[in-house]
Amino acid sequence: GYVAVNAFYHTALNFTGQNVGAKKYDRIKKVYAINVACVICSGIISGLIFCLFGKNLINLYSVNDSEGVYFGMTRIFIVGTTYFLCGIVDVTTGTVRGMGSSLLPMMNSIIGICGVRLLWLFTVFEAFHTPEILFIAYPISWGVTFISGFIIFLIVYKKIKKSSEE
């Protein structure tokens with residue numbers, strides 16, 4: 001899961017930076033779209049593989065513990081099948097960093113990932129204290145971070161396109 005996501009992050013970062021350096025700004029959107037498509041495919045495939053073989057993996061650590069297997073599989077199902085969202089966040093972050101902006105994606109990640117999860121813990125999880133509710137914080141924080149990150153991507157892209165036209 002993470003290795004593939006991280007590879008697409010670095011790919012987006014490097015190819016975006018190269019295209020900014022070459023002043024080929026129109027290629028940035030293509031680099032972004034291809035990396036998002038790849039990270040969605042790899043995230044969904046790895047999530048499905050973890051769902052299929054999750055019990056075997058969990059039993060390596062938790063033999064004959066039906067409750068442990070249940071919660072492990074619940075986490076795999078909730079987090080594993082939505083892990084592609086984390087990948088989209090990373091690709092968006094890498095693309096924005098490749099365009100020369102590092103502070104905005106850093107702040108977006110801190111607020112979106114950490115802040116949303118803490119808010120979730122002190123509100124929703126506090127009211128509905130179950131592991132399932134805790135696990136749902138992951139895809140929700142990724143979704144929120146992606147939306148704000150995509151807005152940042154559009155703003156930074158528009159800024160560099162405008163500066164190239166002047």
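Just the heavy atoms: all of them, side chains too, but no hydrogens, waters or symmetry mates, feed the values below.
No path of Ile, Leu, Val, Met, Phe, Trp and Tyr side chains, each step under 4.5 Å between heavy atoms, connects M73 with Y70, placing them in separate hydrophobic clusters. Side-chain heavy atoms closer than 4.5 Å link hydrophobic residues (I, L, V, M, F, W, Y) into clusters, and following such links, even through other members, never connects V79 to I58. A continuous path of Ile, Leu, Val, Met, Phe, Trp and Tyr side chains, each step under 4.5 Å between heavy atoms, connects F122 with F135, placing both in one hydrophobic cluster. Side-chain heavy atoms closer than 4.5 Å link hydrophobic residues (I, L, V, M, F, W, Y) into clusters, and following such links, possibly through other members, connects I78 to V144. Residues I45 and F53 are members of one and the same hydrophobic cluster, defined by side-chain heavy-atom contacts under 4.5 angstrom among Ile, Leu, Val, Met, Phe, Trp and Tyr.
The nearest pair of heavy atoms linking T82 to P139 is OG1-CB, 3.4 Å. Shortest non-hydrogen contact noted between T16 and G98 is CG2-C, 3.7 Å.
Here the side chain of W142 pairs no donor or acceptor atom with the backbone of F84 at under 3.5 angstrom.
Note that the CZ atom of F8 and the CD1 atom of I40 stand 11.0 Å from one another [nearest 0.5 Å]. Atom CD1 of residue I49 and atom CD1 of residue I44 lie 12.0 Å apart, to the nearest 0.5 angstrom. Taken to the nearest 0.5 Å, the CG atom of D90 stands 6.5 Å off from the OH atom of Y2. Note that CG of L13 and OG1 of T93 are 10.5 Å apart. Values are rounded to the nearest 0.5 Å. To the nearest 0.5 angstrom, I136 atom CD1 is 11.0 Å from F125 atom CZ. To the nearest 0.5 Å, atoms CZ (F128) and OG1 (T123) are separated by 10.0 Å.
No side-chain heavy atom of I88 sits less than 4.5 Å from a side-chain heavy atom of F150. A heavy-atom distance below 4.5 Å is not found between the side chains of Y9 and V39.
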Take L121 and L134, measure what side chain to side chain contact (heavy atoms under 4.5 Å, CB included) needs, and give me the verdict at the end.
CA-CA 7 Å; L121 285 174; L134 180 64; 3.3 Å; yes
Assess the residue pair V124 and I140 against the criterion (side chain to side chain contact (heavy atoms under 4.5 Å, CB included)); give the C-alpha distance rounded to whole Å, side-chain angles, the decisive distance to 0.1 Å, and a yes or no.
CA-CA 12 Å; V124 178; I140 288 175; over 6 Å; no
Residues I160, V20; criterion side chain to side chain contact (heavy atoms under 4.5 Å, CB included); working and verdict:
CA-CA 9 Å; I160 67 165; V20 168; 4.1 Å; yes
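For R75 and Y138, the positive end sits near the middle of the six-membered ring, less than 6.0 Å away and at most 45° from its axis.
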N/O donor-acceptor pairs under 3.5 Å from side chains in residues 24-34, not counting sequence neighbours:
| unit_1 | atom_1 | unit_2 | atom_2 | d |
| --- | --- | --- | --- | --- |
| D26 | OD1 | K161 | NZ | 2.8 |
| Y32 | OH | T92 | OG1 | 2.7 |

For a quick test of your reading: what N or O donor-acceptor pairs under 3.5 Å do the side chains of residues 103-117 make, sequence neighbours left out?
| unit_1 | atom_1 | unit_2 | atom_2 | d |
| --- | --- | --- | --- | --- |
| N108 | OD1 | S148 | OG | 2.4 |
| N108 | ND2 | T145 | O | 3.1 |
| S109 | OG | P105 | O | 3.1 |
| R117 | NE | S141 | OG | 2.9 |
| R117 | NH2 | S141 | OG | 3.3 |

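Between F153 and Y157, the two ring planes are parallel [angle under 30°; tilted spans 30° to 60°].
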